[in-house]
S.K.: 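Here it is, the structure, as structure tokens.
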2 protein chains.
Amino acid sequence: MESPQNTEEKILDAARQVFHQKGFNGTRMQEIANLAGINKALLHYYFRNKESLFEKVFNETFARITSKMKEIFLSDMALLPKIENFVHFYIHFISHHSYVVHFIINAMYEKPEQLREIIVKQNILPELFLEKIRKQLKDEIGLEIDPLHIYVNILALAIFPVVAKPLLQSIFSLSDDRMAQFFEERKQIVPTFISNALQGYEKSTNVV
Amino acid sequence: MESPQNTEEKILDAARQVFHQKGFNGTRMQEIANLAGINKALLHYYFRNKESLFEKVFNETFARITSKMKEIFLSDMALLPKIENFVHFYIHFISHHSYVVHFIINAMYEKPEQLREIIVKQNILPELFLEKIRKQLKDEIGLEIDPLHIYVNILALAIFPVVAKPLLQSIFSLSDDRMAQFFEERKQIVPTFISNALQGYEKSTNVV
DNA sequence: ATTTGGTTTAACCAGGTGGTCAAAATTAAT
DNA sequence: ATTAATTTTGACCACCTGGTTAAACCAAAT
């Protein structure tokens with residue numbers, strides 16, 4: 001968060017802020033220019049057009065999220081600490097960058113065609129992911145269960161509350177402080193919840 | 001899904017479709033008019049402006065989701081069947097109206113100020129909700145635990161995959177058929193997962 | 001047949017939008 | 001100091017957007 005030196009960085013910083021909060025359609029090039037403290041024409045000098053600027057921001061943001069995801073899930077940690085690690089990191093990161101996840105999901109809805117290829121370009125290694133989780137579920141907990149569902153469950157429990165934050169906050173009339181505390185609590189609650197759920201399968205021979 | 005009779009319904013049907021898919025900013029009045037097969041000026045004859053048309057659609061959509069939520073959670077069913085019921089209904093409903101949840105969440109980000117009051121206007125009775133869940137957790141499972149977290153967990157597991165559908169589908173290269181199957185499986189997997197998790201608390205005296 | 005009321009339309013408007021361009025300002029090279 | 005290349009700007013443009021208006025249409029009542 002240093003004060004950016006060159007114009008390109010100033011633009012990217014500004015673009016990131018505005019795109020994250022307002023999405024592609026909600027963003028005005030003029031607003032980015034103002035925030036970067038430069039002329040609007042200069043935006044188009046550094047980045048051909050709105051699309052390419054957005055693409056740059058999206059790539060960067062997406063990579064930032066998935067790289068940590070890869071790092072954690074492909075590591076050699078045991079499954080449960082791994083999940084704990086993951087949940088900790090994401091609740092922390094995401095609750096300090098509240099718009100990021102919404103931004104990602106939003107982008108998928110606003111511009112699905114263009115963005116599929118972007119996702120493909122950054123190799124997320126989803127098969128490796130699932131295979132690793134499957135193996136760990138089997139070896140460490142003795143569960144032969146579809147790893148995709150478990151993985152999605154983990155993602156859901158960690159990410160959903162942050163996406164739905166404004167909704168939850170309105171519905172349950174939670175103050176900002178209470179909301180921050182809520183997320184803090186989840187760092188402990190979610191891993192416990194998942195761990196309990198996984199242990200619970202042991203009794204029944206629930207092969208899905 | 002009958003062919004709508006009067007113009008007002010035609011407009012609302014069209015508006016719903018477009019707003020759901022493209023959100024407030026992404027929607028063009030002209031597109032709604034085209035889809036409804038009428039002149040654009042007629043939109044403003046029936047609905048003052050874009051805002052009020054959007055508000056109407058949002059209210060309607062939001063009520064449709066929350067009313068069923070109220071019905072299920074405030075009923076006299078036992079907690080676990082209640083959860084099962086809820087998950088079934090929502091995965092079914094939402095996966096057949098994929099844009100709805102994204103639409104709701106999106107609206108909260110795009111127009112948070114105006115929409116808080118709308119949410120307040122429809123009385124969702126969140127305290128009743130939580131109190132009922134808290135009591136059932138205690139009486140039926142013997143758990144003294146923050147019902148908000150449990151409730152959010154349930155929501156997360158049911159709703160998140162649908163919101164993130166385009167993302168998941170891209171990342172894991174799932175066909176539409178595989179995706180439909182995936183959601184079908186979740187109707188069983190999610191209640192089991194939750195049930196396991198809740199039963200798991202019994203052993204430890206995990207009071208949060 | 002004419003009036004009356006609501007309904008629908010084509011044409012239009014002001015403001016905003018992404019994007020361009022030629023000229024000016026700045027920097028680097030000779 | 002002059003030239004050349006890069007960076008920055010103000011003015012501008014074509015297009016799109018939500019919204020308006022006056023006139024046309026049409027059914028029912030007289």
Side-chain angles (χ1 to χ4, degrees), chain A residues 2-60 103 106-107 109-115 118, chain B residues 3-61 103 106-107 109-115 118:
Chain A
E2 311 292 307
S3 65
Q5 325 294 15
N6 56 351
T7 309
E8 192 169 333
E9 273 184 37
K10 273 198 280 184
I11 293 177
L12 276 174
D13 276 8
R16 203 179 303 123
Q17 276 188 59
V18 183
F19 275 132
H20 279 190
Q21 290 195 29
K22 314 204 169 176
F24 183 80
N25 286 323
T27 291
R28 301 294 100 108
M29 292 298 264
Q30 187 61 60
E31 193 177 349
I32 296 179
N34 290 345
L35 197 62
I38 56 156
N39 189 286
K40 185 173 59 125
L42 205 52
L43 288 184
H44 295 85
Y45 177 73
Y46 279 91
F47 301 89
R48 201 155 322 200
N49 51 29
K50 194 181 178 184
E51 299 260 351
S52 72
L53 181 53
F54 179 83
E55 200 172 301
K56 189 106 183 185
V57 168
F58 180 85
N59 273 325
E60 194 194 87
F103 165 75
N106 210 19
Y109 280 88
E110 276 183 338
K111 322 164 92 333
E113 336 74 38
Q114 291 105 316
L115 293 181
I118 295 179
Chain B
S3 65
Q5 323 293 13
N6 56 351
T7 309
E8 192 169 333
E9 272 184 39
K10 273 198 283 184
I11 293 177
L12 276 175
D13 275 7
R16 202 179 304 122
Q17 276 187 61
V18 183
F19 275 133
H20 280 190
Q21 290 196 31
K22 313 203 169 177
F24 184 81
N25 286 324
T27 291
R28 301 292 101 107
M29 292 298 263
Q30 187 61 58
E31 193 177 349
I32 296 178
N34 291 344
L35 197 62
I38 56 156
N39 189 284
K40 185 174 59 125
L42 206 52
L43 288 184
H44 295 86
Y45 176 74
Y46 280 90
F47 301 88
R48 202 156 323 203
N49 51 30
K50 194 181 178 185
E51 299 260 349
S52 73
L53 180 54
F54 178 83
E55 200 172 300
K56 188 107 181 182
V57 169
F58 180 85
N59 272 325
E60 195 193 87
T61 305
F103 166 73
N106 209 18
Y109 279 88
E110 276 184 339
K111 321 164 84 351
E113 337 74 35
Q114 291 105 313
L115 292 182
I118 297 179

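By convention in this document, chain letters (A, B, ...) are assigned in the order of the sequence lines, proteins followed by strands, and residues within each chain are numbered from 1.
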S.K.: How close do B/Asn49 and B/His44 get, heavy atom to heavy atom, and via which atoms?
M.R.: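 Result for this residue pair: CA-CD2, 4.1 Å.
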S.K.: Which residues in residues 49-58 of chain B have a heavy atom closer than 4.0 Å to any atom of DNA chain D?
M.R.: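 Within this stretch, B/Asn49, B/Lys50 sit under 4.0 Å of the strand.
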S.K.: For B/Asn25 and A/Gly26, which heavy atoms make the closest approach, and how far apart are they?
M.R.: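 Of all heavy-atom pairs spanning B/Asn25 and A/Gly26, the closest is ND2-CA, 3.6 Å.
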S.K.: I'd like the 5' and 3' limits of the part of DNA chain C contacted by chain B, with heavy-atom contacts below 4.0 Å.
M.R.: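 Boundary nucleotides touching chain B, in 5' to 3' order, are C/dG6 to C/dA10.
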S.K.: Using side-chain hydrogen bond (donor to acceptor under 3.5 Å, both in side chains) as the criterion, list what pairs up with B/Gln21, not counting sequence neighbours.
M.R.: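 Residues passing side-chain hydrogen bond (donor to acceptor under 3.5 Å, both in side chains) with B/Gln21: none at all.
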S.K.: Between A/Asp13 and A/Arg16 (salt bridge meaning N to carboxylate O under 4.0 Å), is one present in this structure?
M.R.: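 Looking at A/Asp13 and A/Arg16, the cut-off is met.
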S.K.: Specify the residues of residues 29-46 of chain B, ordered by number, for which at least one heavy atom lies under 4.0 angstrom from an atom of DNA chain C.
M.R.: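 Of all residues in residues 29-46 of chain B, the ones placing a heavy atom under 4.0 Å from DNA chain C are B/Ile38, B/Asn39, B/Ala41, B/Leu42, B/Tyr45, B/Tyr46.
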S.K.: Can you see which heavy atom on B/Leu42 is nearest to which on B/Ile11, and at what distance?
M.R.: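 That closest heavy-atom pairing would be O-CD1, 4.1 Å.
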S.K.: Side chains of B/Leu53 and B/Phe19: closer than 4.5 Å at any heavy-atom pair?
M.R.: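 A side-chain contact exists here, since the closest heavy-atom pair is under 4.5 Å.
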S.K.: Does a side-chain N or O from B/Arg28 land closer than 4.0 Å to OP1 or OP2 of D/dC16, or not?
M.R.: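 Answer is no, no contact under 4.0 Å.
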S.K.: Does any pair with a residue in residues 29-52 of chain A pass salt bridge (charged side-chain N to carboxylate O under 4.0 Å, His left out), and if so which ones, sequence neighbours excluded?
M.R.: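 Found A/Lys22-A/Glu31, A/Glu51-A/Lys111.
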S.K.: Sequence neighbours left out, what passes side-chain hydrogen bond (donor to acceptor under 3.5 Å, both in side chains) with B/Glu55? Give chain and number order.
M.R.: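 Applying side-chain hydrogen bond (donor to acceptor under 3.5 Å, both in side chains) to B/Glu55 gives none.
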S.K.: If you compare every side-chain N and O of A/Thr7 against the phosphate oxygens of D/dT7 (OP1, OP2), does one of them come in below 4.0 Å?
M.R.: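 For A/Thr7, the contact criterion (side-chain N or O under 4.0 Å from OP1 or OP2 of D/dT7) is not met.
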S.K.: Could you pull out the closest heavy-atom pair between A/Ala15 and A/Val57, with the gap in Å?
M.R.: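 Scanning both residues completely, I find the closest heavy atoms to be CB-CG2, 3.9 Å.
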S.K.: Please report the C-alpha distance between B/Phe54 and B/Phe47 in whole Å, then the side-chain angles of each, then the deciding distance to 0.1 Å, and finally whether the ring pair (Phe, Tyr, Trp, His ring centres under 6.0 Å) criterion is met.
M.R.: CA-CA 10 Å; B/Phe54 178 83; B/Phe47 301 88; over 10 Å; no
